[in-house]
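All chains are named by letter (A, B, ...) in the order of the sequence lines, taking the proteins before the strands, and each is independently numbered beginning at 1.
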2 protein chains.
Amino acid sequence: MNTRLHDPFKTAFDSLDEFADLISQVLKCPITIEDANHRLLAYSTHDERTDPARISTIIGRRVPEKVINQLWKEGTIPALLNTNEPIRVKSMNDIGLSNRVAISIWKQDEVLGFIWAIEIDKFLSVEDFSLLKKAADAVKNKLLQLQTRKNKKEESSQEFFWKLLTGHLKAKDEIIKHFHTLQITPPTSFAILVFQFQENITSKEEHYISYLLNTDQRMKIILYTIDCNQLILLVSATGLENPFDELDHFARVFVLKMSERYRIKDINPVYSSICEDYQKTNKAYEEILEVFSIKEKFPLETKDIFNYQKLGIYQLFDLILEKRRNEEYENYSLKRLHEYDGKHNSNLVETLEVFLNKDNNINDAAKELNVHANTLNYRLKRISEIGAVNFKDPNQKIILYLDLKLAKYQGI
Amino acid sequence: MNTRLHDPFKTAFDSLDEFADLISQVLKCPITIEDANHRLLAYSTHDERTDPARISTIIGRRVPEKVINQLWKEGTIPALLNTNEPIRVKSMNDIGLSNRVAISIWKQDEVLGFIWAIEIDKFLSVEDFSLLKKAADAVKNKLLQLQTRKNKKEESSQEFFWKLLTGHLKAKDEIIKHFHTLQITPPTSFAILVFQFQENITSKEEHYISYLLNTDQRMKIILYTIDCNQLILLVSATGLENPFDELDHFARVFVLKMSERYRIKDINPVYSSICEDYQKTNKAYEEILEVFSIKEKFPLETKDIFNYQKLGIYQLFDLILEKRRNEEYENYSLKRLHEYDGKHNSNLVETLEVFLNKDNNINDAAKELNVHANTLNYRLKRISEIGAVNFKDPNQKIILYLDLKLAKYQGI
DNA sequence: ATCCTTTTTGGGGATTTTCACAAAATGTTC
DNA sequence: GAACATTTTGTGAAAATCCCCAAAAAGGAT
């Protein structure tokens, strides 16, 4: 009896659920076991008492994102990742969390998952803590098995993803078949999303990434892979009301969390258009690569643009630049304005650029230029006189805008 | 004495001025002789009495344009071009014209010039009329000589012009030398202007053109030539406040007059940018040819554009079209809007286009669409939702505008 | 310095634009 | 046809923009 109490978990068990029930029986409280990404692996059913957070976790088969976020902010998860000792968490009513104790499950220097014990009636004793530690140790191998199985699946899914990205899968049926083999239902519309890191992605960072992607619940990630310094995702776009907004938001949050939680900075996200045809996956990927290439050329101008669509005129910049160079073109209006600026050391060209940048909004532009709105108005009148510009003609303004940006680029 | 009175003009004379004095003596009134383009050739000085129109003519060495215009409208010039009989002109005080008689000088079926007799004190009698006719006949050969000399000069100037247009003159000195040989002071800035006719220009039309160009006094024409259906001019741009406006006006007036006076319709004018370097004349000419080529492709869109500058986005149309085709690009926003239009038979795409055409002016666009301004606002809100368009971002709007126009062009 | 032109800024009132809300009209779906 | 969502139009008040004038400031030329 003494030996059994000493380590009640040295016993064979078939399923993790069975093991969760065992812990629950020993510690007299509800137990949940999660993997490293807070996906639910098992939960005890012996005890009916529980809290809202646990219910949500069980229903959704994963810990709700807001709970994870809170546990990060408040320090529990960082602590769990730092020690193999049990950690006590105070109840947080706003996210439905009652008092509980958690412990991380380690295999060498890697966390495989967590065990949570909810303290419904009683607080766990020091002895309970040591029992929990033993449980964590006992469950380690089981988790490792699961992970290996998962890894295998991941590997074959990555291979498939690369085939899609490189356009090696041309037949529609074949693509569908691959999805089915991987037990994935391909969403009717999707997008490719790439995060470009400053350096090649290490296996440690890969873990962080995997964790972040798995804990985020807004975006459904169908496939993912890593290539040098790029993290490449295929995400579902079905069901999203404003796919671009949500992709944007997801990308920002990812970059922010990578920076806040792991101090990995300056990650550049870019996402493709929304596709419905998996045969065009490579097009989407190529589109993204082009965006990166353009962003390299115009880092300042495109720093807030993560998408080919939103690149606007920068889509065409290279092309137009080349044309202009070939034809020795000179924008007459800009030439005249430059001449005027030179002679009278005014800054009509700058004025014009700010005005056009601000989408013809006089107030905004005046603010940026630190002048009175009337001054701007006067200058615009002069600009239209000197440069023979008709500000009512979008056609003219577009060319003016383009040539301004081109000149600026060439001037640098 | 009788024979001399019968034809007092059968006598030798050295200069036209001498001859003008002779007529003046015979008819007892001031005389002016003009060439076919109303340039002053000679005037009598015997008599000091005269009218404002004659003074202006002598001062400017040509008949003022408003006088010519009036004489066209009122029918005198058409009549003179139609008969070799003297024509009486009633005084027109508003343009400073007192009573006078005019006669055209003919060589076969071509008018070489005109003789004007001002009726200051007395009206010319029938006999005077017949004397005038004799004078016109006597002066014919003298004018012919002048014309031949002028033609020679014109020929060599045309040759020079062609060398400029084709870029055969590369050295600056050489160009200057040529100008001097032709006794022309090259203006510091100039433009090339081409009128493209529907048919090849006949020699008859050439006369009309020559006449119009010579009588127009707003635009200083330095060189001109004709090539198949194109009339090509090099005009001075120095001294013009708004060169583009003035070129525009000149072009319109020329086209209008060719149509009104000679029933030659559908002449397309195009002018180059303002140049200061005569070595770039061929560039200017090529620019014009490109405008014609673009105008052929987009006749409706560019019908009011006569200049490369003002072509706006159509400068880049071909280029972008090709790019889009190569990359199989599809504008996501437009795609979504089209889908929506299809499903709900709305017309968001058209709405968007009109709105952008009208330079984001809601009222103008609403008027064109025959809807309430609020309706348009509502639609724009929907467009920004459905198409993920940010109407504050000029960058996005430009691409939208371009892709709209491209789609429209491809759709036709 | 003086005169002149050009540019900047300010005020204030007419006009437009914008926005929220509501009613009416239209279209869709069952 | 009823119930519902979507679209159109109208109204009115707040906000902004536009426009004219004039004073002040700045710059240039003689």
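Within the nucleic acid shown, A/N347 has no heavy atom closer than 4.0 Å to any nucleic acid atom. Contact annotation for A/N377: no contact, since no heavy-atom pair falls under 4.0 Å across all strands. As judged by a 4.0 angstrom heavy-atom cut-off over every strand, A/N360 is placed among residues making no nucleic acid contact.
Taking atom NZ of residue A/K392 and atom C1' of nucleotide D/dC18, one finds them 11 Å apart after rounding to whole Å. Whole-Å rounding puts the B/L380 CG to D/dT6 P distance at 18 Å. The nearest whole Å value for the distance from the CD1 atom in A/I383 to the P atom in C/dT6 is 16 Å. Rounded to whole Å, the distance from NZ on B/K381 to P on C/dT18 is 15 Å. Summarising the geometry, the separation between CG on A/N370 and P on C/dT8 is reported as 13 Å, rounded to the nearest angstrom. Rounded to an integer number of Å, the gap from CG of B/N374 to P of D/dA13 is 15 Å. Distance CD1 (A/I362) to C1' (C/dT18): 17 Å, rounded to an integer number of Å. Taking atom NE2 of residue A/H372 and atom C1' of nucleotide C/dG11, one finds them 9 Å apart after rounding to whole Å.
Ring geometry for B/Y271 against B/F244 counts as tilted: the plane angle lies between 30° and 60°, on a 0 to 90° scale.
Counting only N and O atoms by type, the side chains of A/N395 and B/Y314 include no donor and acceptor under 3.5 Å apart.
Look at A/K405 and A/E301 and you find no salt bridge, because none of the NZ, NE, NH1 or NH2 atoms lies under 4.0 Å from a carboxylate O. The existence of a salt bridge linking B/R218 and B/E246 is excluded, since no basic side-chain nitrogen approaches an acidic carboxylate oxygen closer than 4.0 Å. Between A/E65 and A/K257 there is a salt bridge, since at least one side-chain N of the basic residue sits less than 4.0 Å from a carboxylate O of the acidic one.
A/N363 has a side-chain polar atom (N or O) that falls below the 4.0 Å cut-off from OP1 or OP2 of D/dT17. Between B/Y378 and the phosphate of D/dT8, there is no side-chain N or O to OP1/OP2 separation shorter than 4.0 Å. At the phosphate of D/dT17, OP1 or OP2 sits under 4.0 Å from a side-chain N or O atom of A/N361. Under 4.0 angstrom from either OP1 or OP2 of C/dT7 there lies no side-chain N or O belonging to A/R379. Side-chain nitrogen and oxygen atoms of B/T375 include at least one within less than 4.0 Å of the OP1 or OP2 phosphate oxygen of D/dT9. Not one side-chain nitrogen or oxygen of B/R382 sits closer than 4.0 Å to the OP1 or OP2 atom of D/dT6. Between B/Y340 and D/dT7, a side-chain N or O to OP1/OP2 separation shorter than 4.0 Å is present.
Side-chain atoms of A/N345 stay outside donor-acceptor range of the base of D/dG27, with no qualifying N/O pair under 3.5 Å.
Of the two residues near DNA chain C, B/K343 and A/V371, the one whose nearest nucleotide lies more 5' is A/V371.
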